[in-house]
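What follows is a single structure, written as structure tokens, with notes after it.
Residues: numbered from 1 along the sequence shown. Computed from heavy atoms alone, side chains included, the values below leave out hydrogens, waters and symmetry copies. Both counts, for ligands and for their atoms, begin at 1 and track the order of listing. If you're wondering where the values come from, they're calculated on a predicted model, not measured in any experiment.
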Amino acid sequence: MTIPGSDPTLEAVQLMAHQDVVPVVPGTEDLWEHDAFCGFLDDEYIWGRGALDIKDMLMGELEAVDYLIAHHGTPRRSVHLAFGEDEEVTSQGATRLAEEMLHRGIRLAWLLDEGTTTMYDGAAYGAPGTTVSDICISQKGYLDVRLSAHGEGGHSSNPFGGTSLERLCRALARVAAKKPAPRLTPIIGDTFRTLAPHVTEEPFRALVADVDAHADELAAVAAETRELFPFVATTVAITQLEGGSTSPNVMPGDVSATINLRLLPRDVHRRHALARR
Ligand SMILES: [Zn+2]
């Protein structure tokens with residue numbers, strides 16, 4: 001949706017938020033204090049899946065635009081409202097929005113979309129007591145890899161050659177043992193450079209004195225913390241296992257596993273090559 005601005009010489013701005021949320025894991029519905037999709041409102045909180053990711057932003061932007069038009073009339077810059085429908089899994093909403101923007105030749109002064117935690121303590125960067133707020137200018141890539149092993153089934157008294165599940169587990173173990181090495185991207189390098197004057201704790205303090213010279217060491221140290229690990233590594237998460245035998249003494253048929261990867265920016269170009277296989 002486009003709200004035309006009064007000054008067509010100004011570049012437009014774009015307000016974004018995705019509309020989808022992740023599902024509730026079947027069987028865990030009862031763990032919710034209020035039904036996951038009821039949007040229950042008590043005196044303090046809105047209870048519901050997606051309230052923070054990212055319906056708060058979606059509704060906030062719509063309310064803000066509504067308020068703007070009601071109280072100030074036409075804005076000077078054109079405002080695009082662009083709400084994708086599939087962010088959590090395959091980002092198809094954002095992909096189509098980007099294609100449409102390209103098609104229409106839309107150029108923006110800026111856009112506002114979901115980011116990370118608004119403000120947090122800089123302890124993870126060795127700068128405790130410093131309040132950090134991120135401006136998100138990049139997103140990691142996404143890749144699902146599915147491994148399958150074929151099994152003939154049969155009685156478990158003769159598992160000659162190993163069961164399909166055994167072969168799959170061996171493959172998964174090899175994947176888990178050979179994870180991508182941490183790497184300092186230009187963006188995270190800039191983050192350390194910006195925070196350098198506030199960094200008081202070792203080993204970060206010595207390393208941020210010259211980020212370029214210590215890029216590999218910084219990446220290695222960051223990868224050892226839960227907070228910074230995803231920023232410096234292509235992550236590999238083995239998330240799903242399908243198949244397996246229903247009986248302990250029967251060998252499994254076909255089994256498969258899914259590995260979910262979140263790719264560092266410069267690893268993304270490999271995604272398409274892999275996806276074609
Ligand atoms: Zn989100």
Mind listing the protein N/O/S atoms less than 2.8 Å away from the Zn ion (ligand 1)? Waters don't count. H18 NE2, D53 OD1, E114 OE1, E114 OE2

Which residues share a salt bridge (charged side-chain N to carboxylate O under 4.0 Å, His left out) with E202, sequence neighbours left out: R205

Answer yes if the ring centres of F192 and F204 are under 6.0 angstrom apart, and no otherwise. yes

For atom NE2 of H72, decide whether the heavy atoms of other residues, nucleotides or ligands shown that lie under 6.0 angstrom number more than 12. yes

Start with the C-alpha gap between D20 and R49, add the side-chain angles, then the distance that decides, and say whether salt bridge (Lys or Arg N to Asp or Glu O under 4.0 Å) holds. CA-CA 10 Å; D20 59 312; R49 191 60 123 186; over 6 Å; no

If only atom types and distance count, is the side chain of N260 paired as donor or acceptor with the main-chain N or O of D144 below 3.5 Å? no

Before giving the answer on side-chain contact (heavy atoms from CB on, under 4.5 Å), spell out for D86 and Q19 the whole-Å C-alpha distance, their side-chain angles and the decisive distance to 0.1 Å. CA-CA 7 Å; D86 174 24; Q19 302 177 58; over 6 Å; no

